[in-house]
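Working notes for the structure below.
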Amino acid sequence: MRAVLSWTFLAAAALAAPAVAQPSTTVVDPVRDPAQGPAEVGRTTTTQDIAFKYDRNARMTVPVRLGGRGPYRFLVDTGADRTAVSTAVAAQLGLSDGPMATLHSITGTSEVRTANVPRLELGPDRVRSVEAPLLDAVNMGADGILGVDSLTSQRVMFDFKTRIISIVPSAQRIVRDEVGTIVVRGKLRRGHLIVTTATANGVPMTVVLDTGSEITLGNAALRARLEGRRKLGLAERVEMTSVTGQKLVGDAFQLREVKIGDVILKDLVIMFSDAAIFRTLDLERKPTVLLGMNAMRAFDKVSIDFARKQLRMVIPEQSSIDAAVMAAR
């Protein structure tokens with residue numbers, strides 16, 4: 001089964017004027033990176049359905065309670081290794097200080113303070129303690145970031161039609177995929193699910209799933225390969241702001257065809273920049289994109305299973321033009 005989705009309207013809107021994008025972050029503990037190694041398959045967590053909202057950058061936020069207080073608005077970011085909390089919320093709750101940690105953002109590396117969160121509640125049953133890096137809310141665009149350390153061993157499904165996130169154990173069997181489902185197998189790198197069966201205008205590339213960025217970001221290696229084959233058109237300068245407040249400037253192009261497994265994305269906008277995040281993931285020399293929300297929102301559903309290393313995408317029943325309109329909303 002092959003699905004073709006067109007982004008004509010979304011691409012035009014994105015390239016009409018310089019964009020300000022909010023990228024994700026990757027945080028690595030100086031002592032132990034919790035995202036290292038294979039994730040254990042979860043077996044006991046019950047299903048949780050959590051309503052999410054879109055922020056002003058079209059990213060997904062969910063209500064999270066900290067120490068029984070809240071709820072606070074957390075960005076769901078599959079591009080972030082660690083869950084983070086804003087300095088304002090930490091001060092309000094009187095959280096105790098944790099050790100310093102190294103933060104790898106889209107723009108580079110910096111040392112940040114952490115706080116001990118004794119009880120983080122995502123839904124009625126998903127409770128854990130975290131040692132969370134402290135970031136400014138104005139840079140995150142939220143009260144905190146929900147990273148993959150809070151989602152490992154689970155299967156996370158984003159339903160864009162109903163705006164519901166479902167969290168179930170990876171061990172819970174999927175009896176039957178719904179009509180329009182395409183399954184792509186990937187692998188883990190530093191806790192991130194990546195897919196290598198992908199191309200951009202015919203150029204083989206690696207895809208890293210990143211729900212924390214509203215625009216797809218490509219690295220310099222992919223741009224060079226595309227330019228070498230003369231497969232890039234006109235560019236538009238765009239700017240990203242990292243969670244540390246630093247700026248990243250790059251060029252956005254409308255790519256004719258991006259293929260992920262059996263899914264073909266038409267006219268997808270990708271921003272190219274030599275961002276530090278690609279070096280952090282050891283992917284700076286391999287053509288790679290961080291797949292952002294401008295791509296994922298065109299599907300009815302996207303399911304990410306970190307433990308089983310699977311990506312499921314449910315294509316819309318509408319025509320490709322209808323899908324483009326839906327993606328631009």
Side-chain angles (χ1 to χ4, degrees), residues 1-8 10-11 14 23-24 58-60 77-79 148 155-160 174 177-189 192-219 221-223 225-226 229 231-232 252-272 277-278 281 283 286-306 308-320 323-324 326-328:
M1 176 182 182
R2 174 170 292 185
V4 180
L5 302 178
S6 174
W7 269 257
T8 304
L10 180 62
S24 63
R59 300 168 304 164
M60 294 170 292
D77 190 352
T78 60
V148 296
R155 182 168 62 249
V156 185
M157 190 272 288
F158 305 95
D159 188 327
F160 296 105
I174 298 176
D177 282 318
E178 60 187 283
V179 176
T181 299
I182 294 178
V183 182
V184 180
R185 297 188 179 277
K187 58 184 178 180
L188 290 182
R189 176 168 297 200
H192 302 270
L193 182 63
I194 69 173
V195 175
T196 55
T197 54
T199 60
N201 285 357
V203 174
M205 67 173 182
T206 296
V207 172
V208 183
L209 302 175
D210 187 0
T211 61
S213 178
E214 82 275 18
I215 190 170
T216 298
L217 180 66
N219 66 358
L222 177 59
R223 178 173 183 171
R225 193 73 59 85
L226 288 167
R229 298 187 183 186
K231 293 190 175 183
L232 284 181
F253 295 86
Q254 180 178 308
L255 269 68
R256 174 180 53 81
E257 180 181 289
V258 172
K259 183 180 178 184
I260 304 173
D262 289 328
V263 177
I264 297 176
L265 314 178
K266 292 290 188 179
D267 303 319
L268 180 65
V269 174
I270 296 181
M271 171 185 171
F272 287 94
I277 187 66
F278 295 110
L281 296 174
L283 292 171
K286 296 182 179 180
T288 303
V289 297
L290 301 182
L291 194 71
M293 288 297 296
N294 66 324
M296 286 188 247
R297 282 200 320 275
F299 297 98
D300 282 350
K301 297 178 183 179
V302 172
S303 174
I304 303 172
D305 192 326
F306 295 98
R308 297 193 180 279
K309 307 179 186 69
Q310 291 180 342
L311 167 67
R312 278 178 165 79
M313 299 165 286
V314 179
I315 62 175
E317 295 180 358
Q318 299 95 332
S319 67
S320 60
M326 180 185 70

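For reference, positions follow the sequence shown, starting with 1. It should be emphasised that the depicted structure is a prediction, and the values quoted were computed from it without experimental measurement. As a basis for the values below, the full set of heavy atoms in this structure was taken, side chains included, without hydrogen atoms, waters or symmetry mates.
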Give the minimum heavy-atom separation between [X] and [Y], together with the two atoms involved.
{"X": "Ala295", "Y": "Leu265", "answer": "CB-CD1, 4.2 Å"}
{"X": "Leu291", "Y": "Met296", "answer": "O-CE, 3.0 Å"}
{"X": "Phe278", "Y": "Leu217", "answer": "CZ-O, 3.7 Å"}
{"X": "Val207", "Y": "Ala198", "answer": "CG2-CB, 3.6 Å"}
{"X": "Ile215", "Y": "Ser213", "answer": "O-OG, 2.8 Å"}
{"X": "Ala221", "Y": "Pro287", "answer": "CB-N, 3.9 Å"}

Rounded to the nearest 0.5 Å, what's the gap from [atom1] on [X] to [atom2] on [Y]? Could you check?
{"X": "Arg185", "Y": "Leu193", "atom1": "CZ", "atom2": "CG", "result": "11.5 Å"}
{"X": "Leu222", "Y": "Thr199", "atom1": "CG", "atom2": "OG1", "result": "10.0 Å"}
{"X": "Lys187", "Y": "Gln310", "atom1": "NZ", "atom2": "CD", "result": "16.0 Å"}
{"X": "Leu290", "Y": "Thr206", "atom1": "CG", "atom2": "OG1", "result": "11.0 Å"}
{"X": "His192", "Y": "Phe306", "atom1": "NE2", "atom2": "CZ", "result": "9.0 Å"}
{"X": "Arg155", "Y": "Arg308", "atom1": "CZ", "atom2": "CZ", "result": "7.5 Å"}

Counting distance only, does the side-chain N/O of [X] pair as donor-acceptor with the main-chain N or O of [Y] below 3.5 Å?
{"X": "Thr78", "Y": "Leu209", "value": "yes"}
{"X": "Asn219", "Y": "Thr288", "value": "yes"}
{"X": "Asn201", "Y": "Leu226", "value": "no"}
{"X": "Thr216", "Y": "Gly292", "value": "yes"}
{"X": "Arg189", "Y": "Leu281", "value": "yes"}

TODO: Answer whether the closest heavy-atom distance between the side chains of Ile304 and Leu311 falls below 4.5 Å.
DONE: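 Sidechains of Leu311 and Ile304: in contact.
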Open item on the list: Is it the case that over 12 heavy atoms from other parts of the model lie below 6.0 angstrom from the CZ atom of Arg225?
Closed with: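 Not buried by this count: 12 neighbours or fewer within 6.0 Å.
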Open item on the list: Are more than 12 heavy atoms, taken from residues, nucleotides or ligands other than Lys231, located less than 6.0 Å from that residue's NZ atom?
Closed with: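 More than 12 within 6.0 Å, yes.
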- [ ] Please name the residue in the list Asp300, Val184, Asp262, Thr181 that meets the side chain to side chain contact (heavy atoms under 4.5 Å, CB included) test with Met313.
- [x]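 That would be Val184.
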- [ ] With Leu255 as reference, evaluate Leu232, Asp267, Val289, Val269 under the side chain to side chain contact (heavy atoms under 4.5 Å, CB included) test and give the passing residue.
- [x]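 The option that passes is Leu232.
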